[in-house]
Amino acid sequence: MSRALQLAKRGLYTTDPNPRVGCVVVKNEKLVGEGWHQRAGQHHAEVIAIQEAGSSAEGATAYVTLEPCSHFGKTPPCAQALVKAGVNRVVIAMQDPNPLVSGSGIAQLGEADVLVSTGLHEQEAELLNKGFCKRMRSGLPWIMSKLAVSIDGRTSLLNGDSKWITGSAARQDVHSLRAGSSALMSATGTVLADNPQLTARLDNVSTEIIQPIRVILDSSLNLDPDRKVFNLPGRVILFTLNTDLAKHQPFIDRKITVCVTQSDEKGRVDLSAVFLQLADFEINEVMIEAGPTLNGRLLELGLVDEWIVYQAGVVLGDQAHGMFNLPTMQTVRQGPRMKLEDVRKVGEDLRLHYSQIKE
């Protein structure tokens, strides 16, 4: 199963909106076939592993990181492929949370007298597909926000300059996080200040990267459609409250999806509604690349599943911009609390991994 998980990770940058899945086929304690799902619409991991095993699949054991599918989608059901190949035992890391599959793949195997066991390395398998699992269970994508900060918790100078707070190793690490995300989200302030590309650029990866979808929040639709983020290859989704079709047209001409969404109680784009819509677009993981205004709202609403903070050994002073714009508090106890999940050194910087403590 450890080998199957290693194989599944090879699809980290390419399988969206499908989960990352690996499979190995073992007979007489010898590995006779292996495979991983590489891209939506192509063969699933089980089929590739069975094909490699050939006649050796008969009477063998298959180890697969996610319950084999039981329905016809873009490809035939993998549970039936395993039965047809003559596999007599299937070890599954975790049950598929997809309602179309959940439990039925296991049932199909059992009905064919294939011995099934589940739960081996379940936690690792869940972590590998945390976005897919959350979307299937809750109708929301996994949400991660990345921040680069100084020792004193500042994200940019008063004049907006932030290049570069962190070193090259940390920036390359960020591109790895981007590449593993389904979508990158930013808002008007960051697009105006930085004119970002919002693309994943990795120097040391041999496999092809499917670029994340770029998601921009612009309540009033005042952004210039000539900004970089709107004019690079790949899909862009623009959320706005502006219903003026004439203002939509320059973006539509660039093949950008313009979504008029609902407003919150303060007349801003309703973030909860946006994330629900992104899940409807089959987006599993959203990475936030934004400033203190959007991050402050996300923190207040408790929408973020994990915060990744890169902290550099530089001091920017009390006039620089902080991490979160929040309402004035009267006591420390009012502040949102974070749990430190992990810390490691990346080049000359620290990468801090937090989850928000939700009451």
Side-chain angles (χ1 to χ4, degrees), residues 123-124 126-131 133-135 137-156 162 165-166 170 173-174 176-178 180-187 189-190 215 217 264-266 268-276 278-279 284-346 349-359:
Q123 186 174 357
E124 294 95 322
E126 173 100 18
L127 186 62
L128 184 61
N129 288 304
K130 56 192 176 185
C133 292
K134 183 185 176 188
R135 178 167 69 86
R137 291 168 181 154
S138 70
L140 287 168
W142 185 270
I143 303 166
M144 170 181 67
S145 183
K146 179 275 299 179
L147 301 101
V149 303
S150 61
I151 287 176
D152 50 345
R154 304 293 170 166
T155 58
S156 66
S162 62
I165 291 175
T166 55
D173 197 58
V174 169
S176 296
L177 293 178
R178 286 182 176 184
S181 301
S182 312
L184 304 177
M185 176 184 284
S186 197
T190 298
V215 179
L217 309 181
D264 64 11
E265 69 283 354
K266 294 184 179 179
R268 306 167 299 188
V269 166
D270 186 311
L271 294 175
S272 296
V274 166
F275 289 123
L276 286 169
L278 292 179
N284 293 327
E285 291 128 4
V286 179
M287 180 173 172
I288 310 296
E289 301 239 15
T293 299
L294 179 55
N295 277 310
R297 290 180 61 198
L298 290 165
L299 186 65
E300 280 190 272
L301 294 170
L303 290 173
V304 174
D305 296 290
E306 58 180 334
W307 300 89
I308 305 295
V309 180
Y310 293 88
Q311 187 176 51
V314 62
V315 176
L316 298 183
D318 64 349
Q319 298 302 305
H321 296 288
M323 299 165 67
F324 305 103
N325 288 347
L326 292 171
T328 301
M329 302 176 204
Q330 302 302 316
T331 68
V332 171
R333 292 180 62 85
Q334 290 179 281
R337 308 296 295 188
M338 298 279 195
K339 178 184 177 184
L340 181 62
E341 302 284 358
D342 183 61
V343 58
R344 64 188 63 192
K345 192 173 182 183
V346 180
D349 305 312
L350 287 180
R351 188 179 76 178
L352 307 168
H353 177 187
Y354 289 97
S355 61
Q356 187 170 349
I357 299 173
K358 300 176 183 179
E359 298 180 358

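FYI, side chains are in, hydrogens and waters are out, and symmetry mates aren't considered; it's all heavy atoms of this structure. For reference, positions follow the sequence shown, starting with 1. What you see is a predicted model; the values in this text were computed from it and never measured.
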Residues L278, V286; criterion side chain to side chain contact (heavy atoms under 4.5 Å, CB included); working and verdict: CA-CA 9 Å; L278 292 179; V286 179; 4.0 Å; yes

Donor-acceptor pair, [X] side chain versus [Y] backbone, under 3.5 Å?
| X | Y | value |
| --- | --- | --- |
| D264 | R268 | yes |
| D152 | L316 | yes |
| T190 | G291 | yes |
| T155 | G322 | yes |
| S150 | V315 | no |
| N295 | A290 | yes |
| S186 | E289 | yes |

Between [atom1] of [X] and [atom2] of [Y], what distance do you get to the nearest 0.5 Å?
| X | Y | atom1 | atom2 | answer |
| --- | --- | --- | --- | --- |
| L147 | Q311 | CG | CD | 11.5 Å |
| R178 | M144 | CZ | CE | 10.5 Å |
| R351 | D342 | CZ | CG | 6.5 Å |
| D305 | W142 | CG | CH2 | 4.5 Å |
| N129 | K134 | CG | NZ | 15.0 Å |
| S182 | E285 | OG | CD | 4.5 Å |

Side chain to side chain contact (heavy atoms under 4.5 Å, CB included) assessment of R154 paired with I165: CA-CA 9 Å; R154 304 293 170 166; I165 291 175; over 6 Å; no

CA sep, side-chain torsions, deciding dist, call: R137, E126, salt bridge (Lys or Arg N to Asp or Glu O under 4.0 Å): CA-CA 12 Å; R137 291 168 181 154; E126 173 100 18; 2.5 Å; yes

Candidate pair L299 and V304, rule side chain to side chain contact (heavy atoms under 4.5 Å, CB included), full reasoning: CA-CA 7 Å; L299 186 65; V304 174; over 6 Å; no

Could you tell me which non-hydrogen atom of [X] sits nearest to which non-hydrogen atom of [Y], and how far apart they are?
| X | Y | answer |
| --- | --- | --- |
| A279 | G139 | CB-O, 3.1 Å |
| D173 | Y310 | OD2-OH, 2.6 Å |
| S156 | A320 | O-CB, 3.1 Å |
| E300 | L326 | CG-CD2, 3.6 Å |
| V174 | M287 | CG1-CE, 3.9 Å |
| D270 | A273 | OD1-N, 3.0 Å |

Q123 atom CD: more than 12 heavy-atom contacts under 6.0 Å: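 Atom CD in Q123 is not crowded, with 12 or fewer foreign heavy atoms closer than 6.0 Å.
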
Trace of the side chain to side chain contact (heavy atoms under 4.5 Å, CB included) decision for F275 with L298: CA-CA 11 Å; F275 289 123; L298 290 165; 3.8 Å; yes

Heavy-atom side-chain contact between L303 and L140 under 4.5 Å: no

Qualifying residue for side-chain hydrogen bond (donor to acceptor under 3.5 Å, both in side chains) with E306, from Q356, K130, K146: K130

